[in-house]
*Asks:* 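Pasting in a structure now, in structure tokens, and then I'll have a few things to ask.
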Amino acid sequence: MDTFYDTTGVPMTLSFDPAEFREEQAKHVLVFPFYQGKLLFTIHTKRGYELPGGKVEPGESSIAAAIRETYEETGYHLSAIKKIGQYTVGDSIVKDIYVEEAERQVATNIEGSVGGAFISDKIPTAEELRSDERYSAFVKDDVYPLTIAHLRDLGYIK
């Protein structure tokens, strides 16, 4: 389990070991979707490029929330999804991390605070994200580089 602080100084923990996951259902999800081997970001109209994710709705499982959030925020339909990790923000927020294979974009008219999808030509490094103002602060903590490294270990990234 890794322990670190987010960009505002709040303590965080991150684990890719299911034995270390909290037993209560996560109320939030974070998704690392890939389309044709490239990382798929959502474009938040105020915060910039970030990974899909959000709250688990009442009566919804975290996997259903990950599928829904990816569709709502990118318009992409999925062909595969797998829970790979979990992290906490402070003592109260628990987020499940999923990796997904996006099959195709089926909607392009995204409404609200999301302005569509951005497919990165290469997997950005943590340093590139932190120095590029187009990326949201939500991808600038240690969750991103640690998860990318784990995805490399699992063979999702070559």
Side-chain angles (χ1 to χ4, degrees), residues 1-8 10-18 20-21 26 28-56 62-89 93-108 110 113-158:
M1 182 175 294
D2 291 291
T3 303
F4 50 91
Y5 295 90
D6 74 4
T7 58
T8 64
V10 176
M12 300 176 74
T13 62
L14 169 66
S15 179
F16 301 109
D17 180 356
E20 296 178 338
F21 296 171
H28 298 82
V29 295
L30 176 65
V31 181
F32 283 74
F34 288 86
Y35 178 70
Q36 297 180 348
K38 298 178 182 181
L39 193 54
L40 176 62
F41 289 89
T42 184
I43 305 168
H44 191 281
T45 57
K46 294 182 179 161
R47 296 190 299 250
Y49 301 156
E50 56 191 27
L51 295 165
K55 292 182 181 178
V56 176
S62 71
I63 195 168
I67 293 166
R68 176 184 51 77
E69 289 287 353
T70 302
Y71 175 75
E72 288 177 355
E73 296 183 5
T74 68
Y76 275 78
H77 174 69
L78 305 177
S79 60
I81 183 169
K82 180 181 179 183
K83 182 176 173 180
I84 60 162
Q86 187 179 77
Y87 72 102
T88 63
V89 181
I93 298 175
V94 179
K95 297 186 178 192
D96 286 339
I97 303 171
Y98 289 90
V99 62
E100 300 173 332
E101 293 293 330
E103 185 175 73
R104 67 185 185 283
Q105 191 172 30
V106 294
T108 57
I110 312 298
S113 61
V114 180
F118 166 71
I119 301 173
S120 179
D121 287 333
K122 67 179 194 81
I123 306 299
T125 66
E127 294 76 24
E128 289 168 337
L129 292 182
R130 290 179 181 137
S131 65
D132 191 333
E133 293 179 7
R134 295 176 301 166
Y135 289 91
S136 166
F138 290 133
V139 293
K140 295 184 179 188
D141 58 33
D142 287 346
V143 171
Y144 176 84
L146 292 169
T147 304
I148 290 295
H150 184 66
L151 290 169
R152 278 195 175 92
D153 290 345
L154 293 175
Y156 284 95
I157 301 171
K158 298 177 183 187

*Asks:* Checking side-chain contact (heavy atoms from CB on, under 4.5 Å) against Y135, which of K140, R47, E50 comes through?
*Replies:* K140
*Asks:* Using only heavy-atom distances, determine whether the side chains of S15 and D17 contain a donor-acceptor pair under 3.5 Å.
*Replies:* no
*Asks:* As an exercise, state the distance from NZ of K38 to CD1 of I119, rounded to the nearest 0.5 Å.
*Replies:* 7.5 Å
*Asks:* Is there a side-chain contact between Y76 and P52 (heavy atoms, below 4.5 Å)?
*Replies:* no
*Asks:* Does the S136 side chain pair with the main chain of V139, one donor and one acceptor, at a distance under 3.5 Å?
*Replies:* no
*Asks:* So which heavy atom on V56 is nearest to which on S62, and how close?
*Replies:* CG2-CA, 4.0 Å
*Asks:* Looking at every heavy atom in both L40 and A117, which two are closest together, and how far apart are they?
*Replies:* CD1-CB, 3.7 Å
*Asks:* Under a 4.5 Å cut-off applied to non-hydrogen side-chain atoms, are L30 and Y87 in contact?
*Replies:* yes
*Asks:* Anything under 30° is parallel, anything over 60° is perpendicular, the rest tilted; go ahead and classify Y156 against F34.
*Replies:* parallel
*Asks:* Tell me whether Y5 at atom OH has more than 12 heavy atoms from other residues, nucleotides or ligands lying less than 6.0 Å away.
*Replies:* no
*Asks:* Quick one: pull up NE2 in H150 and CD1 in I157 and give me the separation to the nearest 0.5 Å.
*Replies:* 10.5 Å
*Asks:* With side-chain contact (heavy atoms from CB on, under 4.5 Å) as the test, pick out the partner of L51 among T147, T74, L39.
*Replies:* L39
*Asks:* Just wondering, are more than 12 heavy atoms of other shown residues or ligands nearer than 6.0 Å to CZ in F118?
*Replies:* yes
*Asks:* Taking atom CZ of R134 and atom CG of L129, what is their separation to the nearest 0.5 Å?
*Replies:* 10.0 Å
*Asks:* Can you tell me how far CG of L78 sits from CD1 of I67, rounded to the nearest 0.5 angstrom?
*Replies:* 6.0 Å
*Asks:* Do you know the tightest heavy-atom contact between F4 and L146?
*Replies:* CE2-CD1, 3.8 Å
*Asks:* Quick check: do P33 and E69 have side-chain heavy atoms less than 4.5 Å from each other?
*Replies:* no
*Asks:* Test D142 against D2 for side-chain contact (heavy atoms from CB on, under 4.5 Å), laying out the working first.
*Replies:* CA-CA 9 Å; D142 287 346; D2 291 291; over 6 Å; no
*Asks:* Is a side-chain donor or acceptor of Y98 paired with a backbone partner of I63 at a separation under 3.5 angstrom?
*Replies:* yes
*Asks:* Which heavy-atom pair separates Y35 from A102 by the least distance, and what is that distance?
*Replies:* CD1-O, 3.3 Å
*Asks:* Give me the atom names and distance for the closest heavy-atom approach of G85 to F21.
*Replies:* CA-CZ, 3.6 Å
*Asks:* Let's go through L14 and I97 carefully: what are the C-alpha distance in whole Å and the side-chain angles of both, what is the deciding distance for side-chain contact (heavy atoms from CB on, under 4.5 Å) to 0.1 Å, and is it a yes or a no?
*Replies:* CA-CA 10 Å; L14 169 66; I97 303 171; 3.5 Å; yes
*Asks:* With a 3.5 Å distance limit and no angle check, can you tell me whether T42 reaches the backbone of E73 through a side-chain donor-acceptor pair?
*Replies:* yes
*Asks:* For the pair I148 and F32, evaluate side-chain contact (heavy atoms from CB on, under 4.5 Å) and give the outcome as yes or no after the intermediate values.
*Replies:* CA-CA 9 Å; I148 290 295; F32 283 74; 4.0 Å; yes
*Asks:* I need the minimum non-hydrogen distance between S79 and E103, along with the two atoms involved.
*Replies:* CB-OE2, 3.8 Å
*Asks:* Can any side-chain N or O of Q86 pair as donor or acceptor with the backbone N or O of V94 at less than 3.5 Å?
*Replies:* no
